[in-house]
**Student:** 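Quick one: the structure is below, questions incoming.
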Amino acid sequence: MSELSKNYEPQSVEEKWYAQWQSAERFHARPERVCEKRPAYSIVIPPPNVTGVLTLGHVLNNTIQDILARRARMQGREVLWLPGTDHAGIATQTVVERTLKKQGAIRHRDDLGREKFLEKVWEWKEKHGGIIIQQLRKLGASCDWSRERFTMDPEYSECVQRVFVDLFSKGLIYRGKRMVNWCPVSRTALSDEEVVMKEQNGSLTHFKVEVAERPGTFLTIATTRPETIPGDSAIAVNPNDPRYTDFIGLHAVRPLPSELPREQRLIPIIADAHVEFGFGTGVLKVTPAHDKADFEIGLRHQLPAIDIMHPDGTMNALAGVDLAGKDRFEARSLAIEKLRALGLLEKEEPHRNNVGFSERADVPIEPRLSQQWFLKYPSVQASREVVRSGQMRFHPERWAKVYDHWMENLQDWCISRQLWWGHRIPVWYFRGTGLDAARASLGASIPDHALRVLEDGSIAYCGLQAPAETSLWEQDSDVLDTWFSSWLWPFATMGWPESTPTLKAFYPTTDLVTGPDIIFFWVARMIMAGFEYLGELPFKNVYFTGIIRDKQGRKMSKSLGNSPDPLDLISKFGADALRFGVMRSAPLGQDVLFDEKNVELGRNFCTKLWNACRFRQMQGGSVEGEIQSTLLSTEDKWILLRLDKTIEEVSKSLDEYRFSDAAQALYRFFWSEYCDWYVEASKAALSGTDTARRDNTLAVMDFVLAHTLRLFHPFIPFITEELWHGLGFHEDLPPDQGGDTLMSAPWPRNLGPDFHAHYGLLPEDETRANAKFDVVLAGRGLRRDFQLPSNKKLSFVLKPQSPLSEEEVQVIQLLLNAEQLQVATADWIAPKGTPSALTPFGPLFLPLEGVVDMAAERERIGKEIAKIEQELVKVRAKLSSETFVQGAPAQVVAEHRQRESDWLQKLGELQRLREALS
RNA sequence: GGGCAGUUAGCUCAGCGGUAGAGCGGCUCGUUUACACCGAGUUGGUCGGGGGUUCGAUUCCCUCACUGCCCACCA
């Protein structure tokens with residue numbers, strides 16, 4: 001036990017304890033220790049991007065995980081919190097490429113070539129990869145760092161390949177030329193989930209096309225994308241639209257590219273139910289190569305798909321001489337100009353529409369026809385059912401509906417990416433000809449399903465090993481979507497497909513904590529992978545955090561500059577303050593409006609805790625003495641009862657993942673109850689000469705503090721650990737019971753009936769203590785009314801209906817900061833005009849010398865009487881209503897009657913007091 | 001177009017069928033045995049509008065309004 005310094009210094013304390021926890025291997029999970037009496041608790045971290053830095057979102061997310069993990073340890077469970085990072089394909093590649101460009105090293109990654117570029121990315125990863133992991137340590141995260149994983153670790157990569165090969169062999173993975181979301185900046189395909197819709201102010205271009213068979217007759221088309229006219233291969237109308245039925249089957253003259261001869265620009269006018277006749281003119285241009293819906297129409301009518309764009313979003317030769325080489329947006333205005341010049345432009349009108357944007361590059365995506373790999377999701381039914389049935393629970397529950405809806409409308413997942421940073425697709429194409437030749441070159445041991453003829457006729461081999469005859473085979477150049485590796489996270493990190501001790505002990509995991517924004521990207525897919533490969537759910541509970549916003553409710557973003565650096569907050573206020581502040585303001589399922597004020601509150605709370613413990617230490621005496629039940633005061637009993645209640649509240653809140661409620665309950669208990677009332681009241685006993693009473697008070701304090709520190713530890717681990725040792729609570733405890741670290745101390749349980757019986761804790765004690773506090777409040781009110789400073793010693797007179805003990809009088813006197821609290825006898829009559837207030841024990845008087853304005857005093861009491869009369873009117877109105885007396889439950893009626901008589905009694909006393917003034 | 005949240009004190013949020021709560025802020029007083037990152041006191045709300053159910057509604061139901069988010073191939 002060492003003396004607590006005057007101020008809490010988070011910096012050194014945090015470093016000291018984190019190092020100590022680690023060197024004592026307190027975060028280390030030991031599968032061999034898992035047994036019936038020591039159940040496993042496990043949680044896998046949502047792996048942050050390897051090159052990322054800590055954000056407030058991470059703080060929220062990981063503090064929750066840390067609270068869960070630390071409490072589980074204290075509850076005697078064997079805990080695995082498995083950390084790691086994600087290679088984050090596009091994000092990382094983009095960052096590295098951009099940096100190299102900025103340095104002037106390259107203009108495009110092609111300048112380096114695949115291998116050299118990947119070397120650079122690995123270099124970057126080595127340099128920046130550890131940052132976020134270090135930052136998590138600063139936050140206090142109790143991860144098992146010995147098990148840290150990266151999604152491109154060799155073993156992990158092998159899992160990814162293995163799963164690909166397996167799904168390929170099951171026929172769930174296929175390659176085909178499909179309409180995909182193309183990002184012209186990253187020049188890769190994206191999944192539907194990586195596209196975000198944004199409402200845009202655009203314009204609707206109305207232009208005319210001539211009907212070939214009826215010269216001089218024109219149809220008007222409304223489009224938002226005039227630049228794609230050269231790619232049109234039909235004009236479509238609704239078959240039931242009376243305006244246009246005559247034209248179906250005829251041809252239209254496509255205006256662009258205008259240099260082509262007219263006959264080469266003839267396109268059919270077709271009927272398709274997809275066309276809405278209420279929109280625009282009811283005539284639709286069909287561009288199968290550049291619009292998803294048009295592509296479908298094209299399929300239905302066997303229309304050619306004319307691709308008029310390069311992968312980078314510039315127009316190609318098919319767009320015509322005027323547009324070729326131009327960027328798609330420049331081409332749009334050029335096309336409009338061209339139509340105008342041709343006399344075909346009718347009008348342009350402003351139009352709001354939704355445009356899909358690439359989430360990463362923040363540019364409009366281009367629907368594009370290209371050769372990609374797709375996955376038909378496996379284990380869909382089981383994955384849906386497990387959530388629907390409640391076997392796996394979502395918190396808050398409403399996300400289950402969102403999940404179910406998505407699962408019901410699953411679209412095949414485009415898993416190939418035209419990037420370099422990622423897991424290379426384990427498919428090789430045969431350079432020779434013929435399936436037999438291909439099989440022969442691979443050797444006899446290749447299973448049938450590893451070899452397949454694809455849609456476009458190419459021969460593909462899929463396997464873990466590259467074909468030996470490398471000259472005959474060429475590997476697919478694409479890599480896999482990042483999420484195709486993330487979805488294996490819960491088991492690929494535990495050594496799967498080996499049945500490792502870790503996997504056996506800790507899988508399936510207990511809780512998953514993540515943001516709702518990745519429910520489809522990650523959560524849903526992990527569930528499916530879990531069922532497909534381990535045959536069961538990967539986690540039992542999913543907790544969805546809110547999203548952190550700034551105090552105006554805007555999303556945190558780099559461009560807005562509204563996202564504070566958590567590390568700055570830690571160095572300014574301490575990690576515990578940050579954790580507590582964020583937790584206290586993050587209710588279940590609600591977005592969190594972040595304000596530095598919250599962290600300040602956390603810091604203030606830590607300081608309060610520190611000082612309260614210092615106060616205890618300054619009192620000296622032996623630590624954790626035995627509590628003598630016979631010496632307990634009502635305050636002692638009161639605080640023990642409040643503690644018991646708080647233990648229950650905190651435990652229950654945590655069981656239900658209501659972290660802010662738990663933090664709130666602790667805050668209220670410690671600050672408003674323990675510090676404000678109990679510590680203040682205890683000063684009476686501590687300053688007295690009765691050493692037995694003094695020691696007993698200290699014993700109660702120690703009991704309460706030791707419990708509170710344990711309750712607080714998951715939230716604010718550093719300061720609680722420091723205080724645990726500073727006060728010497730660790731002494732004489734076995735190492736695994738809190739003897740070496742608070743981390744291993746048992747989680748407080750309710751005190752229980754035996755405890756209550758032994759120490760004689762009764763509800764009456766609480767009432768009695770509250771009554772005393774009411775006397776104090778009444779007295780302070782009197783002080784206020786007569787504008788007497790709180791530091792001025794005063795004399796009060798209490799005229800109780802029943803006797804108070806000497807100790808009780810002492811306590812009230814102390815809390816009132818009174819020179820004296822005189823207890824008057826029943827026949828005592830206050831001097832005329834003495835200010836007074838009502839208390840549960842009877843009237844409290846504040847005798848003042850000569851300065852009392854009787855009229856003012858009467859008025860003061862009159863105000864109170866008026867208030868009570870108002871309440872009385874309300875209660876009486878109820879009680880006099882037939883319907884209430886007959887309709888309401890007897891108990892409620894009784895409560896109202898009781899209330900009425902209470903008000904009446906108070907009123908009577910106040911009236912008597914007022915009369916005494918006249 | 002469909003779905004999900006939210007609307008309670010100046011601000012951020014609890015409460016969710018029987019006398020409206022907390023923190024922050026504001027105001028007043030204050031170095032009284034830890035703590036001014038503090039203490040004491042105080043101010044402040046017809047609980048978004050309108051219906052309904054009920055003896056009774058901030059709390060349950062319906063409806064409207066606004067705000068935010070998610071999903072959706074009206075060019």
Side-chain angles (χ1 to χ4, degrees), chain A residues 4 6-8 179 197 204 221-225 228 236 274-281 283-287 291-297 351 353-354 356 367 396 398-399 401-402 405-406 409 516-517 519-520 547 549 551 553 555 573 577 584-585 587 589-595 597-598 600-619 660-661 664 667-668 672 675-676 679-680 683 686-687 776-777 780-781 783-785 787-793 814-815 817 871 874-875 878 881-889 891-893 895-896 899 903:
Chain A
L4 298 174
K6 180 141 171 50
N7 294 308
Y8 173 58
M179 213 52 175
M197 300 305 279
L204 202 53
I221 299 174
T223 181
T224 54
R225 303 207 59 189
T228 63
H274 171 258
V275 183
E276 304 265 338
F277 36 100
F279 186 90
T281 58
V283 185
L284 173 72
K285 67 194 259 315
V286 183
T287 326
D291 184 279
K292 217 177 163 190
D294 290 5
F295 179 73
E296 306 283 326
I297 297 175
H351 178 66
N353 63 336
N354 282 319
R398 65 187 147 89
W399 293 109
K401 250 192 257 177
V402 177
H405 182 252
W406 188 75
N409 298 288
D517 46 335
I519 184 168
F520 311 136
I547 292 170
R549 301 169 178 284
K551 37 180 165 175
K555 236 176 168 169
F573 299 107
R584 223 202 58 130
S585 56
Q590 293 268 111
D591 285 356
V592 184
L593 298 196
F594 182 81
D595 186 339
K597 279 253 154 32
N598 294 329
E600 248 174 73
L601 176 116
R603 188 264 325 261
N604 294 353
F605 182 73
C606 289
T607 308
K608 188 74 179 177
L609 182 64
W610 184 259
N611 281 307
C613 289
R614 252 184 86 221
F615 176 78
R616 163 62 192 94
Q617 191 175 60
M618 288 160 87
Q619 302 304 316
S660 65
D661 289 352
Q664 184 61 46
Y667 184 94
R668 196 216 58 240
S672 310
C675 289
D676 287 351
V679 172
E680 290 310 316
K683 285 175 182 172
L686 295 175
S687 65
V776 173
L777 291 172
R780 286 174 183 167
R783 242 184 219 282
R784 160 77 190 177
D785 291 338
Q787 296 180 340
L788 298 161
S790 53
N791 62 338
K792 186 168 173 150
K793 293 276 182 192
L814 178 81
L815 292 173
N817 191 31
E871 294 297 335
K874 275 202 252 172
V875 180
K878 275 201 165 181
S881 145
E882 275 294 296
T883 48
F884 173 73
V885 177
Q886 272 161 26
Q891 201 202 327
V892 173
V893 178
E895 273 169 28
H896 278 72
R899 205 180 299 157
W903 288 129

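The chains referred to below are lettered A, B, ... by the order of the sequence lines, with proteins before strands, and numbering in each begins at 1.
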**Student:** In this structure, how many angstroms lie between the C1' atom of B/rU32 and the CZ atom of A/Phe615, rounded?
**Tutor:**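 Atom CZ in A/Phe615 sits about 12 Å away from atom C1' in B/rU32.
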
**Student:** Between B/rU58 and B/rG17, how far apart are the C1' atoms? Round to whole Å, please.
**Tutor:**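 Roughly 10 Å separates the two C1' atoms.
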
**Student:** Where is the tightest heavy-atom contact between A/Asn7 and A/Trp610, given as atom of each residue plus distance?
**Tutor:**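 A/Asn7 and A/Trp610 have their closest heavy atoms at C-NE1, 3.6 Å.
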
**Student:** Go ahead and name the base partner of B/rG41; Watson-Crick or wobble counts if both distances stay under 3.5 Å, otherwise write none.
**Tutor:**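 Checking every strand shown, B/rG41 finds its partner in B/rC27, with both distances under 3.5 Å.
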
**Student:** Would you say A/Lys597 places a side-chain N or O within less than 4.0 Å of OP1 or OP2 belonging to B/rC24?
**Tutor:**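 For B/rC24, neither OP1 nor OP2 has a side-chain N or O of A/Lys597 closer than 4.0 Å.
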
**Student:** In whole Å, measure the gap between the P atoms of B/rC64 and B/rG26 for me.
**Tutor:**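 About 42 Å, rounded to a whole number of Å.
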
**Student:** Between B/rG48 and B/rU43, how many Å separate the two P atoms, rounded to a whole number?
**Tutor:**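 Comparing P positions in B/rG48 and B/rU43 gives a spacing of 23 Å.
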
**Student:** Between atom CE in A/Met618 and atom P in B/rC35, what is the gap in whole Å?
**Tutor:**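 The distance from CE of A/Met618 to P of B/rC35 comes to 7 Å, rounded to the nearest Å.
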
**Student:** Looking across every strand, which nucleic acid part, if any, lies under 4.0 Å from A/Val875 by heavy atom: base, sugar-phosphate, or nothing?
**Tutor:**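 No contact.
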
**Student:** If I pick the C1' atom on B/rU31 and the same atom on B/rG25, what distance separates them, to the nearest angstrom?
**Tutor:**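 My reading of the C1' atoms in B/rG25 and B/rU31 gives 24 Å.
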
**Student:** Nearest of B/rA34, B/rC73, B/rG23 to any side-chain atom of A/Leu601?
**Tutor:**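 Nearest nucleotide to the side chain: B/rG23.
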
**Student:** What's the closest nucleotide to the side chain of A/Ala293 if the choices are B/rA34, B/rC73, B/rC71?
**Tutor:**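 When the side chain of A/Ala293 is considered, B/rC73 is the closest of B/rA34, B/rC73, B/rC71.
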
**Student:** Taking N and O atoms by type only, does the side chain of A/His274 place a donor or acceptor under 3.5 Å from a partner on the base of B/rC73?
**Tutor:**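 Side chain to base: pair present.
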
**Student:** Rounded to the Å, how far apart are A/Gln619 CD and B/rC35 C1'?
**Tutor:**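 Whole-Å distance recorded here is 14 Å.
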
**Student:** Identify which nucleotide among B/rA75, B/rA34, B/rG68 has an atom closest to any side-chain atom of A/Glu680, counting heavy atoms from C-beta outward.
**Tutor:**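 From the listed options, B/rA34 comes nearest.
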
**Student:** Rounded to whole angstrom units, what separation is found between the CD atom of A/Glu882 and the C1' atom of B/rC55?
**Tutor:**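 Going from CD in A/Glu882 over to C1' in B/rC55 covers 11 Å.
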
**Student:** List the protein contact pattern of nucleotides 37-47 of chain B with one symbol per nucleotide (5' to 3'): B for base contact, S for sugar-phosphate-only contact, - for none; contact means a heavy-atom distance under 4.0 Å.
**Tutor:** BSBSS------

**Student:** Could you tell me whether A/Lys683 sits above the aromatic face of A/Phe615, with NZ or CZ closer than 6.0 angstrom to the six-membered ring centre and within 45 degrees of the axis?
**Tutor:**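 Yes; both conditions hold, so A/Lys683 lies above the ring face of A/Phe615.
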
**Student:** Without decimals, in angstroms, what is the distance between A/Asp291 CG and B/rC74 C1'?
**Tutor:**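 Rounded to the whole Å, the gap is 10 Å.
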
**Student:** Rounding to an integer number of angstrom, what distance separates B/rC29 and B/rA36 when you compare their C1' atoms?
**Tutor:**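 The answer is 14 Å between these two C1' atoms.
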
**Student:** Please state the P separation for the pair B/rG56 and B/rG21 - nearest whole angstrom.
**Tutor:**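 Their P atoms lie roughly 23 Å apart.
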
**Student:** Provide the Watson-Crick or G-U wobble partner of B/rU67, both distances under 3.5 Å; none if there is no partner.
**Tutor:**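 B/rU67 is paired, partner B/rA5.
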
**Student:** If the C1' atom of B/rA75 is compared with that of B/rG68, how far apart are they to the nearest Å?
**Tutor:**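 Taking atom C1' in both B/rA75 and B/rG68, they lie 29 Å apart.
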
**Student:** Please measure how far the C1' atom in B/rC38 lies from the corresponding atom in B/rU33, and state the result in whole Å.
**Tutor:**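 Their C1' atoms lie roughly 15 Å apart.
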
**Student:** Within a 6.0 Å radius of atom NE2 on A/His405, are there more than 12 heavy atoms belonging to other residues, nucleotides or ligands?
**Tutor:**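 Open.
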
**Student:** Are any of A/Lys6's side-chain N or O atoms less than 4.0 Å away from OP1 or OP2 of B/rC35?
**Tutor:**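 Affirmative; the distance criterion is met.
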
**Student:** Kindly determine whether A/Thr287 and A/Thr223 satisfy side-chain contact (heavy atoms from CB on, under 4.5 Å), including the steps that lead there.
**Tutor:** CA-CA 11 Å; A/Thr287 326; A/Thr223 181; over 6 Å; no

**Student:** If we call it a pair only when both distances are under 3.5 Å in a Watson-Crick or G-U wobble match, what pairs with B/rU32?
**Tutor:**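 Check on B/rU32: unpaired, no WC or wobble geometry under 3.5 Å.
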
**Student:** What integer distance in Å separates A/Trp406:CH2 from B/rA72:P?
**Tutor:**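 It is 10 Å, rounded to the nearest whole Å.
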
**Student:** Just by modelled atom types, is the A/Leu686 backbone N or O under 3.5 Å from a matching donor or acceptor in the A/Gln619 side chain?
**Tutor:**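 Not at all, since once roles are kept as given, no pair shorter than 3.5 Å links the two residues.
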
**Student:** I need the CH2-P distance between A/Trp399 and B/rC70, as an integer number of Å.
**Tutor:**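 That distance rounds to 9 Å.
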
**Student:** Once rounded to the nearest 0.5 Å, what's the spacing between atom CG of A/Leu4 and atom CD of A/Gln617?
**Tutor:**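 One gets 4.0 Å once the value is rounded to the nearest 0.5 Å.
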
**Student:** To the nearest Å, give me how far apart CG (A/Asn409) and P (B/rC73) are.
**Tutor:**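 My rounded result for the distance is 10 Å.
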
**Student:** With the sugar-phosphate defined as primed atoms, P, OP1 and OP2, and the base as all remaining atoms, what B/S/- string results for nucleotides 8-22 of chain B, 5' to 3', for protein heavy atoms under 4.0 Å?
**Tutor:** ----SSS---BB--S

**Student:** What does A/Thr223 touch in the nucleic acid at a heavy-atom separation under 4.0 angstrom: a base, only the sugar-phosphate, or nothing?
**Tutor:**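 Touches sugar-phosphate only.
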
**Student:** Could you tell me whether A/Glu276 contacts a base, only the sugar-phosphate backbone, or nothing, with contacts defined as non-hydrogen atoms closer than 4.0 Å?
**Tutor:**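 Contact class for A/Glu276: base.
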
